[in-house]
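Please read the structure below before turning to the comments.
Residue numbers start from 1 in every chain, and the chains themselves are labelled A, B, ... in the order their sequence lines are given, proteins ahead of strands. Note that the coordinates shown come from a computational prediction; the quantities given were computed from them, not determined experimentally.
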Number of protein chains: 2
Amino acid sequence: MKISTKGRYALRMLIDLAENRDQGYISLKDIAERQSISRKYLEQIVQLLNKTDMLKTSRGYNGGYMLAKDPSEYRVIDILEITEGNLACVSCLEDEVNECKRAGFCKSLKVWQGLDNVIKNYLSSITLQDLI
Amino acid sequence: MKISTKGRYALRMLIDLAENRDQGYISLKDIAERQSISRKYLEQIVQLLNKTDMLKTSRGYNGGYMLAKDPSEYRVIDILEITEGNLACVSCLEDEVNECKRAGFCKSLKVWQGLDNVIKNYLSSITLQDLI
DNA sequence: TCAAATCCTATTGAGTTAGTAGGAATTTAA
DNA sequence: TTAAATTCCTACTAACTCAATAGGATTTGA
């Protein structure tokens, strides 16, 4: 029941970009140093974010990344779903339709549905704006 | 960010015991069959619960397990902490005192503290009584 | 042209998960 | 007294995930 380094580092990176969003493009080298994260590992994580429209990128000399939108438009839940994968706390809640044969009579299911709700409600309520 | 089979199976086993608590000692064989869980695996999980005062045990012929207390006294959070280990959503929140060097200025920490709170509040609010 | 940066993909050691397996100890019924 | 049914204890393992490391291709500004 742990958030992995991918999700944690991604959030720290985006907070860093939000804090420095008046500085133009920020290189991974700078972020990696400020955040004490391996630059090579951060490269992989940023590619996950880069598949979405969250970031603007500049390659080559003086290149780097910047936020594509206002910090208030980055919900923590979206950041984590991109980097951690499905946030469902049990696998039978990963899909829209519960495929588990026991779903119809499973007494424990309501625990997981409720847990899923409080987690997702909470993470939906926070944006980068709240963290800088 | 998943609850493992240990926690899920333990909860299902205890719900089963709560539902059948007027039937005397219930064998793992019966529970394993009703719940479609490997008996041998369930043996390991029940030993985790058995280290606490949650269960009464009878060995030998016609032996089995029963709840030691009223279902309302079994909080889901306690069941999961015993079987899953520490439920903290990030490792820096596992101990009473946060040992992370970055804790003093980490902007992401408040996300994890808040998430930890909503998870633990929710899981503390549910008992076996609510699930039968 | 060179240096600094992103982009892309392969590999790997360590740890975790979800069991399987075998047998010892205990208890009751026949 | 013996056999069967049960818990108790511990070792093992295949598959998977995590957290990087690594090497180089590509792009771009000075």
Within the 4.5 Å heavy-atom criterion, are B:Ile79 and B:Leu128 side-chain neighbours or not? yes
Is there a path of hydrophobic side-chain contacts, each under 4.5 Å between heavy atoms, that joins A:Ile82 and A:Leu11? yes
Polar contact flag, side-chain donor to acceptor under 3.5 angstrom, A:Asp16-A:Gln35: yes
Quick check with a 6.0 Å cut-off and a 45 degree axis cone: is A:Lys69 positioned over the face of A:Tyr74's six-membered ring? yes
Could you verify whether a donor N or O on one side chain and an acceptor N or O on the other, from B:Glu73 and B:Thr127, lie under 3.5 Å apart? no
Once you apply a heavy-atom cut-off of 4.0 Å, does B:Tyr25 come out as touching a base, just sugar-phosphate, or nothing? nothing
Distance check needed: C:dT16 P versus B:Ile3 CD1, whole Å only. 17 Å
So if I take every side-chain heavy atom of A:Glu43 and compare against C:dT20, C:dC7, C:dG19, which nucleotide ends up nearest? C:dC7
Enumerate the residues from residues 55-71 of chain A whose closest heavy atom to DNA chain D is under 4.0 Å, giving them by residue number; use none for an empty result. A:Arg59, A:Gly60, A:Tyr61
Considering only C:dG19, C:dA18, C:dT6, which nucleotide approaches the side chain of B:Tyr9 most closely? C:dG19
Separation of A:Leu49 atom CG from C:dT6 atom P, in whole Å? 14 Å
Carboxylate-amine/guanidinium contact B:Lys120 B:Asp116, below 4.0 Å: yes
Could one point to a donor on the side chain of B:Lys40 or the base of C:dG23 with an acceptor on the other under 3.5 Å away? yes
More 5' along DNA chain D: A:Arg39 or A:Lys6, using each one's nearest nucleotide? A:Lys6
Which nucleotide in C:dT6, D:dA20, C:dT20 has an atom nearest any side-chain atom of B:Ser38: C:dT20
Please report, rounded to the nearest Å, how far the P atom of D:dT17 is from the CG atom of A:Asn86. 13 Å
